[in-house]
Amino acid sequence: MKHPDNFLMSPPMQGEWITVRSESAVRGSGKVVVPDQPIVGFIEGDGVGPDIWAAARPVFDEAVAKASGGRRQIHWWEVPAGEKSYSKYGEHLPDSTLDAILKAVVVIKGPLTTPVGGGFRSLNVTLRQKLDLYACVRPVRYIAGTPSPMKRPEDVNMVIFRENTEDVYAGIEWKSGTSEAHTVRTFLQDVMNVRVDEAAGIGIKPVSPSATKRLVRRAILHALDNGRKRITIVHKGNIMKFTEGAFRDWAYEIAREEFADRVIFEDDPPPGWDGVIPDGKVLFNDRIADSMFQQVLLRPAEYEVIATLNLNGDYLSDALAAQVGGLGMAPGANIGDRAAIFEATHGTAPKYAGLDKINPGSLLLSGAMMFEFMGWREEAALVVEGVSAAVRAGTVTYDLARQMPGSREVSCSGFGRAVIEHIRNL
Ligand code: NAP
């Protein structure tokens, strides 16, 4: 097999490329074709990134070897990003890294520092925007044994699809007192007859039908492919009618246009429906965002797949992560039609960098998510089970140990080794 030679770091000499199924690239389901010996990209990340990667990689290799009886193997390809890339190539995010991610299609990454000052943009935001990774996907499920503030944390089992490219996070804003803010304010006053305080900073909240529909389509396909029974659109459309309200309307539109035979609408059920959701179908409903924050606390078992806008999704995913044990155990991915990046959802935790201390759980569970995306369900289940068994056995890193009386605190790499032991014994 011939590899392209225009990358900063050469891909491994062995292994084959993962490709995107052509029909799914059009439809936006992101289905990929995965050979038995795939090349998968990785970005170690900054701060604690190398610690968690060193702990997680052998776990992934073990799960693959065990699930496939040695038939499958990942050929890891390090693609440069962050401080490591800067020290080697003088750039935090070289263009060839973006090419490499598109070539690899599937990439797993640790956290990246956003250098302070100099107007430096977040590398994570840049990756999302340049690769059009429009869906931030955060599964939130309870790993048995994890300390939780909930009475019944096992009822929490949801996947959040957060729109990643629009909303007040689009970065269209002007600082108070600048000539730009003055220009926008004058336009609003003179042309639109809207008064804004003279000293106000101003931000714009774009929400479009195309971005909404591709996100909701992906959420519906996820529910159908994974036997999930409910999809909930979360919005604040009662107040922001033409953005959040429109998001709701466009979500219903695509459900009607493309999935009419697979969806039951809660507010317009079929005549005589007995309330049981048949296999192969999903119940489609929507909730106002503030009420949803109550619902996920009081009635979490009633929610499975959530599709929402950028800001709501940001808040909701962290609130849900807290219900099942916090950031150290929260996986995530940013997915587009051409590539998917699976990542630890926490930051670089600089005070723990190089101490072999931090919890690698978030990266491990992101790897399980990556295996699911690749269609390697058994590998995914082994990683989740291995993590769960290690936690149940009370072998945990400091963050969980301080909440679990009687547990045995282990290092970051020690947790990885414990997970491998459990996978071997499963
Ligand atoms: P952070 O790195 O997430 O760390 C904040 C605190 O959260 C840590 O001190 C630790 O709390 C806890 N924590 C984080 N990860 C943990 C883990 N794996 N296991 C156990 N505890 C964990 O947040 P930050 O200090 O605000 O951000 C640092 C840098 O990371 C910034 O440069 C930021 O831009 C970047 N960042 C990157 C990403 C990304 O790449 N996706 C995301 C967020 C932030 P205790 O001290 O209480 O133990």
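For the single chain, residues carry numbers from 1 onward in sequence order. Order of appearance sets the numbers: ligands from 1, and atoms from 1 within every ligand.
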message = For the residue pair D314 / Y169, report whether a side-chain donor-acceptor contact shorter than 3.5 Å exists.
response = yes
ask   = Which residue from S362, G110, C412, G347 reaches closest to atom 43 (C) of ligand 1 through any of its heavy atoms?
value = G347
query = Looking at H235 versus F247, is the centre-to-centre ring distance below 6.0 Å?
reply = no
message = Tell me every residue that passes ring-ring contact (aromatic ring centres under 6.0 Å, His included) with W53, counting only those two or more places apart in sequence or in another chain.
response = F42, W76
message = At under 4.0 Å between heavy atoms, is it the side chain or the backbone of K357 that contacts ligand 1, or both, or neither?
response = neither
ask   = For ligand 1, which atoms, with element, lie under 4.0 Å from some heavy atom of L112?
value = 35 (C), 36 (N), 37 (C), 39 (C), 40 (O)
message = Out of A349, A81, P350, G49, who is nearest to atom 8 (C) of ligand 1 when you count heavy atoms only?
response = A349
task = Could you tell me which atoms of ligand 1, counted from 1 in the order shown, lie closer than 4.0 angstrom to a heavy atom of K351?
result = 9 (O), 46 (O)
For P111, the ligand 1 atoms whose distance to one of its heavy atoms is below 4.0 Å = 39 (C), 40 (O)
query = What atoms of ligand 1 come closer than 4.0 angstrom to any heavy atom of Y398?
reply = 10 (C), 20 (C), 21 (N), 45 (P), 48 (O)
ask   = Between N359 and ligand 1, does any nitrogen or oxygen pair lie at a separation below 3.5 Å?
value = yes
note = For N124, the atoms of ligand 1 under 4.0 Å from one of its heavy atoms are 37 (C), 38 (C), 39 (C), 40 (O), 41 (N)
request  = With atom 42 (C) of ligand 1 as the reference point, say which of M329, H346, K109 has the nearest heavy atom.
outcome  = H346
For the student: nearest non-hydrogen atoms of L93 and T126, plus distance = CD2-CG2, 3.9 Å
Show me the donor-acceptor pairs, under 3.5 Å and distance only, between side chains in residues 288-298 and residues at least two apart or in other chains.
from: D290; atom 1: OD1; to: K236; atom 2: NZ; distance (Å): 3.3
from: D290; atom 1: OD2; to: K236; atom 2: NZ; distance (Å): 3.0
from: Q295; atom 1: OE1; to: Y303; atom 2: OH; distance (Å): 2.5

Y398 atom OH: more than 12 heavy-atom contacts under 6.0 Å = yes
key: Contact (N/O only, under 3.5 Å) between T345 and ligand 1   = no
E343 neighbourhood, listing ligand 1 atoms whose heavy-atom distance to it stays under 4.0 Å = 41 (N)
query = Do other residues, nucleotides or ligands put more than 12 heavy atoms under 6.0 Å from the CZ atom of R408?
reply = no
ask   = For R71, does the CZ atom sit with more than 12 other heavy atoms under 6.0 Å from it, leaving out its own atoms?
value = yes
request  = Would you mind running through ligand 1 and noting each atom that sits below 4.0 Å from a heavy atom of D399?
outcome  = 19 (N), 20 (C)
message = Within the 3.5 Å criterion, strictly below it, is a donor on R214 or S210 matched to an acceptor on the partner's side chain?
response = no
